[in-house]
Amino acid sequence: MKKELKLVRGQNLRYIGKGFPGYVKGQPYMIFVDYHQGHEVLVKYNDTNMVVSKYHVEPLT
């Protein structure tokens, strides 16, 4: 079982999932904004807020 992520607002994340519309290969970095429904998190990616699966991000440091 995967360890539950404990994220803090403003924390830097790396996206490790499949690409999505607007995703730039080579720029996988996001900023955590807040938790969303169930298995999702709200992140800021390239100055845009979006919702992604919490299983597709990993915290940096």
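Scanning for side chain to side chain contact (heavy atoms under 4.5 Å, CB included) contacts around Val8 gives Gln11, with sequence neighbours left out.
Under the 30°/60° scheme for interplanar angles, the aromatic rings of Tyr15 and Tyr23 are found to be tilted.
Rounded to the nearest 0.5 angstrom, Met30 CE and His56 NE2 are separated by 11.0 Å. Remark: Asn49 CG to Ile31 CD1 distance equals 10.0 Å, nearest 0.5 Å. Between the NE2 atom in His39 and the OG atom in Ser53 there is a gap of 8.0 Å [rounded to 0.5 Å].
Between Gln27 and Tyr45, the shortest heavy-atom distance links the atoms O-OH, 2.8 Å. Nearest heavy atoms, Tyr35 versus Leu7: OH-N, 2.8 Å.
In the hydrophobic clustering of ILVMFWY residues, with side-chain heavy atoms under 4.5 Å counting as a link, Val24 and Leu13 come out together. Clustering ILVMFWY residues whenever any of their side-chain heavy atoms sit less than 4.5 angstrom apart, transitively, puts Ile16 in a cluster other than the one holding Leu60. Note on Val57 and Phe20: same hydrophobic cluster, where clusters join Ile, Leu, Val, Met, Phe, Trp and Tyr whose side-chain heavy atoms are under 4.5 Å apart, directly or indirectly.
Side chain of Arg9 to main chain of Val33: a donor-acceptor pair is present (N/O by atom type, distance under 3.5 Å, no hydrogens or angles).
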For a side-chain contact (heavy atoms from CB on, under 4.5 Å) check, start with the C-alpha distance between Met50 and Val43, then their side-chain angles and the critical distance, and finish with the verdict. CA-CA 6 Å; Met50 60 180 47; Val43 297; 3.8 Å; yes
Yes or no on side-chain contact (heavy atoms from CB on, under 4.5 Å) for His36 and Val41, after CA distance, side-chain angles and deciding distance? CA-CA 5 Å; His36 198 256; Val41 290; 5.7 Å; no
